[in-house]
Structure formats: structure tokens, C-alpha cells
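To start, the structure itself, in C-alpha cells.
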Amino acid sequence: MRLSRSFLPTLKENPAEAQIVSHRLMLRAGLVRQTASGIYAWLPAGLKVLRNIGQIVREEQDRIGAQEVLMPTLQSADLWRRSGRYDAYGPEMLRIQDRHKRELLYGPTNEEMITDLFGQAVKSYKELPQALYHIQWKFRDEVRPRFGVMRGREFLMKDAYSFDVDYASAVTSYRRMLLAYLRTFQRLGVQAVPMRADTGPIGGELSHEFLILAPTGESGVYYDAALGEQDWLDEPVDTNNPEALEAFFNRVTTPYAATDEMHDTAAWENVPAERRREGRGVEVGHIFYFGNKYTKALDVSITGPDGNKLYPEMGSYGIGVSRLTGAIIEACHDENGIIWPDSVAPFKAAILNLKMGDTLCDDVCERIYAAAPEDFLYDDRAERAGVKFADADLMGHPWQIVVGPRGAKEGIVELKRRATGERREVSVDDALALVLAG
RNA sequence: CGGGCAGUAGCGCAGUCUGGUAGCGCAUCAGUCUGGGGGACUGGGGGUCGUGGGUUCGAAUCCCGCCUGCCCGACCA
């Protein structure tokens, strides 16, 4: 993308409405614009990030055999009456009427709908287990939206739902999903720690929240350092093997980890002092098992091995995709702007032409731009060098390829790594190779 | 939903107390000089002062209603 032709409106000053750093940076870097309280338009660069996150989430869901569907944003009130939640939900649910005065709602979640869809199609235990997910916009009419996309009213969520024939199988589904989540967040370039969460009336231990560590997080977190040092992408767990998943699950959930609401000071004292980590975190994912609550409420049953009817056991697994863009920025920024992890950055690299109109600089830039196998942002504006440096730092491209008249005549460019600030002078070919390797 | 604050140019703000028909910085446009960390100079454009009503010869300014946004709390992916 050529910056001179792109819709990438950066702001030099902080908009008054934005208080926290991710909100300010998202507005300043031209990722989003607010259109109403808690409702945002995603501009080209922001949309790229949203899609990059969604793609990683998708790949990890697919990897464990979950299948993608897409359910509508609007749902019928009748469906929710069947589960009893239409009246229970309260004013956070946005209720709408169509022209025939039929009652609709903008979905705040999808348990009813997925359960209904499942029940219409699946009739036998032989078809289980199943896991379905979708990535869709939801709406919750929060009393007080804030923190930009981190706590908006309209938000993009990945929701997965598992269906199993019995508790043991449901637990395996749950554990499989936990592994997928650890892998997902690691690939997104952030450290997310799974913490035991309140399971409410259902009880049991099958509810975990995933919190990204960031000093501005809304919850206090306490965890054993052992949790922060593992490479989940290298876990050799066979996700089709329940015993392997159980061993893995026990290993992951044994070290202490809790948000302040669930904090147990006695257990905390048992963690060796040098391994205690305290901080703050942003919740970006939540998985839980809820048994046959919805299959029973909606009377969705299948035939079991013994020929009797059986209510499938369900779990639900959410990831806040739009919230993640904000949360990642909370975890990855400095005083100059965003520092995108490579995996989600809207542009892997920016090419900064420090002297537009200079034949050598123009040639070198065009050569790099043409050779780049993916979308680089070419800053070809007739702006001064300082403006380009500042905007590139603000937008947070992992790499900056700086082309100035000094080096251009030698075929040399300066390659800057945003995360470390490290710069080095390299040939054009090396610059491309290094960016693509990194 | 309780408590607080604010709406004036694209953004950040002054002007409101003490009424006289709107201003500053940045951005933008034209030109000149510049040219490796948000440059300088000259000239220009851009405003239903959130909105409706009232007071007044006259309202951004005073009074009343409404709308919108933000902050703290309760609540929440």
C-alpha cells in the first residue's frame, strides 16, 4: 500500500475522549473511529489487524477439529423464550421489532441458537463429539462503555461450542480447547495466563479465564512464574488422546494462577517467593463447561448407546477478537506508539522514502516495494523525514526500511526493528530477506 | 443506574464569570526556502458556537428543557 493513497488518518494529538493508552493509540494510528458510544468503525489498518487475529484464532480452532459456521447477528425472541433467558437477560440485551412487530434481538451470545441448530441435525451419539465455532459481531448494551474497543457495546467474538455424549468426553473437549487457547495467544504475540474462574451455580473446576498481562489491565492477577515460561507451540500433545490431554491439563492447571476475585492468600503463600508474579491483566478469553443446561432447556436430545434419549454435554469457549486488538496494544507499546507483534501487524514493514523525488531514493524504494511478497506500507508522501519516522513508530510496523540519499547511492538502506529500536545498515536484498525471515 | 465533568474549525483548546456578532496552536490549500526524528516564512480557505425554547435592542456568553460524549463507582467478553 502506498501511504499517499491510503486511508490511514493518523493524529498527532490525543483525542480528548480517549483515556487509556490502547484507545488513544488506536485512534491516533488510524485503526478505528468511534461512531457512537461503544461502537466503532474499523479503518483499513485496523481491519487488517482484526483479520490477522481472526485468522490465527481460526487456524487453531480448525487444528483441533472445530468447524466454522456463521450464525446471524439477529435472533428471534422466541428462541430465547424457550431457554427462559429472554426475560432473564435484562436491559443489556438490545431488543428490536421488525415491520410485523415480531420481536428480535441483536445477539449478545449464541448458546440458544447453536444448540437449536445442533439439535435439528444431530440425532445419535455416534455423531458426537462435535465442536462448532463462529466469529461474529455481538452487541451488549453496556451501561457504561469505555476503554475504546476493550469495552465496547458492539464487539467481535469467536465463540465455540462443544457437544459431547458424557461428562468424561466433555472434559476432554474442554482440555483440548485449553491447549488451543494457549497456542492461539502465544501466536498472537502476547502472554496470556489461564486462571481458574468462578463456575457459578454449575460448580466444578472447568472454567478458565485467559488474561493478557498488561499494567493497565482491569483485574489484578497472581500467578506462578512457571506458567509464563512455556512454549505451547512445541507441546507434543496428541489432541485425540484423552490421557495425554489430561496429563497436559494437570500440568498447566497445577501452578497457582488467580485473579484477585479468586485469590487464595494461603495457597499463594505456598508458591516459592521467587516464582510469585503479581500484576494486572485484561481478560481476552473464557472457556467453560456447562453440562446440559441448554440442551435440557431447549429439549435437544439425541439417542444414546443404550437407545435412551440423552442430553448432550456442552462447553462454550470465547475469545474477544476486537478486544484483543486493544489488549495487545496495552501489552505492546512504548511512548512513541504501537509495537505490533509480527503475527498481527497490519503491515509487516514500512518503507520510508526520506527524500521523495530523489531519483536514487525513489528507485530503491520502488524496487523494494515491487519485490515485497506481502503488503508493505510505502511512505511515499512528500513529508519530511521526522514526520515519517514518527508515523511509522506510531503505527508500530515491526520493521522500518529507511531509504535516504546517503545510503541509496551505495545501495544501502537502514533497517530498524521497532520492538528493540535496533538499526543496521544493510543492502536492499538483505533488508528484504531479514524482514521476511523475522 | 448513582456521583462528577464537558460539547466552540478535522484535532487540541481559549473566549462564557462581567452579553456587543468568534480566536489561538496543529492540520489543510498556494507559494518560497528547506530536507535523516512532527522545519521556517508569506498568503488563503474552513464555524448552524450540540440542540430546542426563553430573556434582551443584541446571546457562544444569562435562564429552562432535551441530546451526545467522557470520568469515578456498581456491572461486564
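Just so it is clear: chains get the letters A, B, ... in the order the sequence lines come, proteins before strands, and each one is counted from 1. These values consider heavy atoms only, across backbone and side chains, with no hydrogens, waters or symmetry-generated copies. Quick caveat, the model's predicted, so the values are computed rather than measured.
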Considering only atom [atom1], compute the distance from [N] to [M] and round it to an integer number of Å.
N	M	atom1	value
G20(B)	U61(B)	P	11 Å
G7(B)	C49(B)	C1'	10 Å
U16(B)	A6(B)	C1'	14 Å
C62(B)	C17(B)	C1'	11 Å

Separation of atom [atom1] in [X] from atom [atom2] in [N], rounded to whole Å:
X	N	atom1	atom2	result
Asp393(A)	G38(B)	CG	P	12 Å
Glu13(A)	A27(B)	CD	P	9 Å
Asn14(A)	G38(B)	CG	P	18 Å

Of the options [options], whose atoms approach the side-chain atoms of [X] most closely?
X	options	value
Lys355(A)	G38(B), G36(B), G35(B)	G35(B)
Lys12(A)	G69(B), C26(B), C1(B)	C26(B)
Ser37(A)	G73(B), G69(B), U28(B)	G69(B)
Pro405(A)	G36(B), C75(B), C11(B)	G36(B)
Ala16(A)	A77(B), G36(B), C13(B)	C13(B)

Exercise for the section: Please confirm whether Phe210(A) and Tyr181(A) have ring centers closer than 6.0 angstrom. Expected result: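 Close enough - the centres of the two rings lie under 6.0 Å apart.
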
Handout entry: Face-to-face contact Phe389(A) to G36(B) six-ring, under 5.5 Å, under 30°
Key =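 So Phe389(A) does not count as stacking on the base.
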
Exercise for the section: Working to the nearest 0.5 Å, report the span between CD1 of Ile212(A) and CZ of Arg323(A). Expected result: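 One finds 10.0 Å between CD1 of Ile212(A) and CZ of Arg323(A).
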
Problem - Arg151(A) with Glu218(A): basic N within carboxylate O range, under 4.0 Å - result: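 A salt bridge is absent here (no side-chain N lies under 4.0 Å from a carboxylate O).
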
Exercise for the section: Let me see the working for Tyr256(A) and His263(A) under ring pair (Phe, Tyr, Trp, His ring centres under 6.0 Å), right down to the final yes or no. Expected result: CA-CA 10 Å; Tyr256(A) 187 86; His263(A) 190 44; 5.7 Å; yes

